[in-house]
Structure formats: C-alpha cells, structure tokens
Enquirer: 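Structure below; questions to follow.
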Amino acid sequence: MKHILDVSSLPIKTVEMILQTARQFKHFHIPGDLLKGKIVTTMFFEPSTRTHKSFQCATYRLGGNTLDYNHYTSSAKKGETLRDTITTMSQYSDVIVLRHPLEGTVHKCAEVADVPIINAGNGSGEHSTQALLDVFTIQSLIPLEMTRSPPFHIAFVGDLKHGRTVHSTLQLLDKMYTGIFFHFVSNEGLHIDKKYTENLRNNHYCEHNLKNIINMMDIIYMTRIQKERNTNADRSENILTKEILSLAKENAIVLHPLPRNEELPVEIDNDPRCKFVEQMKNGVYVRMAILDYVLSK
Ligand code: NCD
C-alpha cells in the first residue's frame with residue numbers, strides 16, 4: 001500500500017514523480033476526473049486550516065469527494081478505540097489523511113488500515129506533505145543550478161524542537177541536494193533534536209540570532225513557537241521585522257508554513273521576497289499530485 005508517512009520512507013524517484021505531476025497541475029491542464037468515484041477521508045485530531053482545506057480542495061479539483069471524520073460526534077465518545085475507528089473508516093474511503101498529536105499514532109494506524117494513510121502531521125514528528133510542497137516552492141523560485149553550486153544557505157528559524165514542518169523539509173532537502181548549509185536559529189530550549197541532524201549529509205550550524213546571519217541566507221524559513229506543545233517560551237526571540245529583512249540578500253526568499261504569530265509581522269507582507277502565500281497555494285497542486293500518486297495503480 002502506498003502510505004505517505006515520513007520522508008525517510010519516500011524514495012527520491014517517488015518525490016520527483018510527485019513534484020513533476022504537481023508542476024503539470026500548476027502550469028498545464030488539471031484533469032477534473034482523475035479522482036472520480038474516489039473518497040478521501042480527512043481525520044484531524046488537531047486544528048488545521050491549510051493542510052485540511054487544501055487536501056479537500058485538491059480532492060474536489062480532481063473530481064473526487066471527501067468525508068470528514070469528526071472525533072467529537074463519533075463513536076469514540078462511546079469508547080471505540082482509534083484502531084477500530086480506522087478499520088471502520090477504511091471501509092468507507094479510498095485514502096485517509098490523518099493528523100494526530102501523538103507522534104507514533106499515524107504509523108500505528110497505517111498498520112491496521114486497509115487503505116493508504118497520508119500523514120498530515122504527527123505531533124512534533126513530521127509533516128511530509130508540507131515538505132513536498134516546500135521543496136516544490138523552492139524549486140519553482142530558485143534555479144536548480146543555484147542550489148547545486150555551493151554554498152547555498154538556509155535558515156530554519158523558530159521552534160525547531162516541535163516544528164514538524166522543519167523536521168520533514170530539512171530531511172527532504174538533505175536527501176535531494178548536497179552543498180547546502182543549514183542554519184538552525186532557535187530560542188534556548190527549542191533547539192532541533194539531534195535525531196533530525198545526526199545523519200544529515202549537508203553542513204549544519206546552530207545559531208541564536210537571525211540578525212547576525214541573515215545577510216548570507218538564500219532561504220529564510222520562519223516558524224511560530226508551538227505554544228500548544230508545552231513550551232515555556234511564549235515569544236520568538238527572532239522576529240523578522242522590516243529592519244532585519246532589509247539586511248537580507250535581494251534575491252533571498254522568505255517561507256513560512258503558517259499559521260504565523262509575532263515572528264512574521266504583517267509589515268513585511270508586501271516585500272517581494274516573501275513567498276508564503278505562493279507556498280500555501282502550491283499546497284493544493286502538490287496534494288493533488290500526492291492523491292494521484294497514492295490512488296493510482
Ligand atoms: C504547520 C503544522 O501544522 O505543522 N502548519 C501547516 O500544516 N501548514 C505549522 C504550525 O502549526 O506551526
């Protein structure tokens with residue numbers, strides 16, 4: 001079964017195929033019937049706007065239908081286990097898109113599901129479909145030769161301990177490119193876990209202050225502090241103000257998986273280097289390509 005659970009189990013060939021299909025969907029014809037008769041079930045046990053809605057939008061654009069599982073009105077309230085719920089929803093769906101706060105749950109559900117499971121975020125673990133859309137966005141904005149001719153610098157900024165998009169995007173970039181310099185910029189106590197960095201092929205550095213390094217960066221990837229995950233920090237120490245962004249390269253790009261908090265003030269929204277709206281829009285094309293891949297024979 002073609003589950004999409006984490007970056008480490010995604011072969012490069014599959015990634016390239018999905019990105020190529022997404023490019024076709026973005027720039028050429030969108031076949032409105034690829035998912036005709038298919039049902040995509042969304043099961044979100046954590047809040048979501050972009051991931052949830054872009055998966056639904058992607059399904060409709062390809063002519064499919066969605067079922068939305070609601071935990072609070074389901075038989076879970078009568079004591080049904082998640083295992084039984086997944087078995088049940090597998091009977092009614094062709095694929096399940098699942099977000100869950102506990103890191104191991106999505107993988108456990110994939111073991112019992114009769115249909116492919118797509119990980120839409122497992123706690124502080126991974127967010128592989130966001131990684132695909134981040135790499136898609138980077139490839140569409142930065143010429144390939146540039147990422148291949150070192151040094152190429154990327155700063156991941158914010159809550160790197162809990163930020164699952166960073167964990168996945170970092171691994172996917174590391175898998176696809178060499179010659180990158182990763183810079184991890186975080187508050188004390190929110191550093192990236194060693195398990196995500198110890199096997200990196202590319203160079204990586206830990207930093208505290210974005211201002212000191214921003215002039216070297218090709219990509220500035222901002223993230224919010226994940227207050228819901230028991231952090232004791234409630235504000236980012238690195239806020240991308242107009243003044244700090246003015247120090248960045250003219251052709252740098254600013255990405256953010258969103259939602260944003262104080263780290264990305266609206267005062268910079270009109271700066272042409274800010275590409276997070278394009279990034280979120282790309283989520284639809286990439287998720288269309290993911291659904292097409294998972295549901296094709
Ligand atoms: C992120 C997530 O849920 O991990 N958002 C998203 O899916 N685009 C980032 C976040 O919640 O901070």
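FYI, the numbering just counts along the sequence from 1. Counting starts at 1 for both ligands and their atoms, in listed order.
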Enquirer: Do any N or O atoms from the side chain of Q130 and from the backbone of P257 form a donor-acceptor pair under 3.5 angstrom?
Expert: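 Such a contact is absent between Q130 side chain and P257 backbone.
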
Enquirer: Say whether, by atom type as modelled, one donor and one acceptor occur between the side chain of D193 and the main chain of Y196 under 3.5 angstrom.
Expert: no

Enquirer: Going hydrophobic residue to hydrophobic residue with side-chain gaps under 4.5 angstrom, can you get from V15 over to I138?
Expert: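 Same cluster.
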
Enquirer: Checking the N or O distance criterion of under 3.5 Å, is ligand 1 in contact with R224?
Expert: yes

Enquirer: Could you tell me whether some N/O pair between L258 and ligand 1 is separated by less than 3.5 angstrom?
Expert: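 Yes, at least one N or O pair falls under 3.5 Å.
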
Enquirer: Could you check whether E278 pairs with R273 (Lys NZ or Arg NE/NH1/NH2 to Asp/Glu carboxylate O, under 4.0 Å)?
Expert: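 Looking at R273 together with E278, the answer is no, because their closest N to O distance does not fall below 4.0 Å.
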
Enquirer: Pull out every atom of ligand 1 sitting under 4.0 Å from any heavy atom of T51, numbered as shown with elements.
Expert: 6 (C), 7 (O)

Enquirer: Check ligand 1 against T165 and write out every atom of the ligand that is under 4.0 Å from a heavy-atom position of the residue.
Expert: 1 (C), 4 (O)

Enquirer: Nearest protein heavy-atom contact for atom 8 (N) of ligand 1: which residue, which atom, what distance?
Expert: P257 O, 2.9 Å

Enquirer: Who's the nearest protein heavy-atom neighbour of atom 4 (O) of ligand 1, and how far?
Expert: R164 NE, 2.7 Å

Enquirer: Short N/O distance, under 3.5 Å, between H127 and ligand 1?
Expert: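 In this structure, H127 places an N or O atom under 3.5 Å from an N or O of ligand 1.
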
Enquirer: Would you please say whether a donor-acceptor pair under 3.5 Å links the side chains of N282 and T137?
Expert: yes

Enquirer: Which ligand 1 atoms are under 4.0 Å away from a heavy-atom of R99?
Expert: 2 (C), 3 (O), 7 (O)

Enquirer: Pull out every atom of ligand 1 sitting under 4.0 Å from any heavy atom of Q226, numbered as shown with elements.
Expert: 10 (C), 11 (O), 12 (O)

Enquirer: Verify whether one side chain among H256 and E263 offers a donor that lies under 3.5 Å from an acceptor in the other.
Expert: yes

Enquirer: Using the ring of Y72 (Phe, Tyr or Trp, six-membered ring only), decide whether K77 places NZ or CZ under 6.0 Å from its centre and within 45 degrees of its axis.
Expert: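 No, K77 does not sit over the ring of Y72.
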
